[in-house]
Chemist: 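What follows is a structure written as structure tokens; I'll ask about it next.
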Amino acid sequence: MAATYENDNIFAKILRGLIPCHKVYEDDDAIAFMDVMPQSDGHVLVLPKAASRNLLDADPAVLAKLAPLLQRMAVAAKAAFDADGISLMQFNEGAGGQTVFHLHFHIIPRYDGVPLNAHGRGMEDPEVLAANAGKLRAALAV
Ligand code: 5GP
């Protein structure tokens with residue numbers, strides 16, 4: 001049987017304001033906040049607010065509405081962190097590397113020849129996350 005969405009996942013709790021986050025952006029349909037275990041400085045997560053586990057059960061209309069924000073955030077992240085490139089990553093189900101089961105996209109600044117930190121390991125200093133969220137907000141405002 002296919003797995004279903006469970007609204008006690010960490011990101012659902014962030015969306016309901018039950019758990020804090022370093023917020024970068026929010027509108028009626030989406031939110032973006034810093035990943036607490038960044039794979040590179042400036043690693044930000046972009047989520048539609050609509051409930052789905054991942055890409056496999058998402059409403060195509062939700063995806064269509066989110067795509068421009070993904071582009072905007074990628075452009076802002078490249079500028080804010082003076083990156084050489086951006087990795088956009090998204091994992092589906094445990095076998096696909098997913099650990100939090102509310103659809104989200106990783107936007108990760110990349111630098112020539114620099115490997116990523118491990119996925120989902122090593123908590124960042126909250127002050128660094130707050131500063132990086134500020135850099136992204138400033139770049140989005142340009
Ligand atoms: P996934 O493996 O599901 O694609 O990615 C989940 C991401 O969420 C990981 O990169 C992990 O570091 C991040 N993460 C896990 N728990 C929290 C949390 O409580 N707050 C935030 N902001 N990120 C989290």
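First listed ligand is number 1; within each ligand, the first listed atom is number 1.
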Chemist: Do Phe91 and His119 make the cut of ring centroids closer than 6.0 angstrom?
Modeler: yes

Chemist: Please confirm whether Tyr25 and Phe33 have ring centers closer than 6.0 angstrom.
Modeler: no

Chemist: Using atom types as modelled and distance alone, determine if a side-chain donor or acceptor of Arg16 lies under 3.5 Å from a backbone N or O of Asn7.
Modeler: yes

Chemist: List, ordered by chain and residue number, the protein residues whose closest non-hydrogen atom lies under 4.0 Å from any atom of ligand 1.
Modeler: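 Lining ligand 1: Ile10, Phe11, Ile14, Phe33, Met34, Asp35, Val36, Met37, Leu45, Phe91, Gly97, Gln98, Thr99, Val100, His104, His106, His119, Gly120.
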
Chemist: More than 12 heavy atoms of other residues, nucleotides or ligands under 6.0 Å from NZ of Lys49: yes or no?
Modeler: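 Check passes, neighbour count above 12.
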
Chemist: Is a side-chain donor-acceptor pair under 3.5 Å present for His106 with Gln39?
Modeler: no

Chemist: Which residues pass the side chain to side chain contact (heavy atoms under 4.5 Å, CB included) test with Asn92, not counting sequence neighbours?
Modeler: Asn54, Leu55, Leu56, Gln90

